[in-house]
Amino acid sequence: MSKSEDTTRATKFDNPLDTVLSGASRFAIEVVARVAGPWAAADLTGNWLMTIPALAILVALPGVFSTTGDKKHVVVAVPGPVRLLIEIFLAVVAIASAAIVWTFIGGIIVTVVAAIMFVAGAKRAKWLFSNKPPRWPSPSD
């Protein structure tokens, strides 16, 4: 096997249900949740130390818990509906936190991005909710 084949094989993984738009909007929601979530926790409690557990939870949930066949690296495999709940939780945190720390307009903008995430990722969400094994090749490490 040539070096280019090995590199392609190691980095190439396509979930056919995940589009560029759904992935990008999901990433944007995760970033907003990780930035605005801890900020809102500090604002609501009046203690900046609350940013530490808030950030730890918001980073660990989507980073650790994944559904087999959805991501290339799965640390802890969970059923599809659990992964879907994690993504819904992140969207709620992102929307509420943006409304708290970035005013009403920030909340509206993040709500639009979350709506795009759910509409663009509807096929993937349906598959996650069904909890069926993927019908595409799983990535090999």
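Worth knowing before you read on, the calculation uses all heavy atoms, side chains too, and leaves out hydrogens, waters and symmetry mates.
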How would you list, by chain and number, every residue that makes a side-chain contact (heavy atoms from CB on, under 4.5 Å) with [X], sequence neighbours excluded?
X: V20; result: none
X: P79; result: P81, V82, N131
X: V75; result: V64
X: A122; result: none

**Heavy-atom closest contact (L49 atom, P53 atom, distance)** =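 Minimum heavy-atom separation between L49 and P53: O-CD, 3.3 Å.
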**Prompt:** For the residue pair A33 and L58, what are the closest heavy atoms and their distance?
**Reply:**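 Here A33 and L58 meet closest at O-CD1, 3.1 Å.
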**Prompt:** What distance do K123 atom NZ and L128 atom CG have between them, rounded to the nearest 0.5 Å?
**Reply:** 14.5 Å
Check the hydrophobic clustering (I, L, V, M, F, W, Y; side-chain heavy atoms under 4.5 Å; chains of links allowed) and say if [X] and [Y] are grouped together.
X: F129; Y: L85; value: no
X: L44; Y: V35; value: yes
X: V78; Y: L90; value: yes
X: V119; Y: I29; value: no
X: I86; Y: I57; value: yes

**Prompt:** Using a side-chain heavy atom cutoff under 4.5 Å and only I, L, V, M, F, W and Y, what cluster partners does L55 have?
**Reply:** V59
**Message:** With a 3.5 Å distance limit and no angle check, can you tell me whether R83 reaches the backbone of F65 through a side-chain donor-acceptor pair?
**Reply:**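 Flag set: sc R83 to bb F65 pair under 3.5 Å.
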Please report, to 0.1 Å, the donor-acceptor pairs under 3.5 Å made by any side chain of residues 97-118, with sequence neighbours excluded.
residue, atom, partner, partner atom, Å
S97, OG, V93, O, 2.7
T111, OG1, G107, O, 2.6

**Asked** How would you list all residue pairs meeting side chain to side chain donor-acceptor pair (under 3.5 Å) that involve residues 40-55, not counting sequence neighbours?
**Response** none
**Message:** For residues 16-27, which residue pairs pass the side chain to side chain donor-acceptor pair (under 3.5 Å) check, not counting sequence neighbours?
**Reply:**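 Residue pairs passing side chain to side chain donor-acceptor pair (under 3.5 Å), neighbours aside: D18-S22, D18-R26, T19-S22.
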**Item:** Any side-chain heavy-atom pair of W127 and T67 under 4.5 Å
**Value:**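 Yes, close enough: below the 4.5 Å cut-off.
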**Prompt:** Heavy atoms, side chains only, cut-off 4.5 Å: are V76 and S66 in contact?
**Reply:**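 The answer is no, as the side chains (C-beta and beyond) never meet within the 4.5 Å cut-off.
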**Asked** Taking only residues two or more places apart in sequence, or in another chain, which ones meet R124 in a salt bridge (charged side-chain N to carboxylate O under 4.0 Å, His left out)?
**Response**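 Testing R124 for salt bridge (charged side-chain N to carboxylate O under 4.0 Å, His left out), a comparison that skips the adjacent residues, returns D70, E87.
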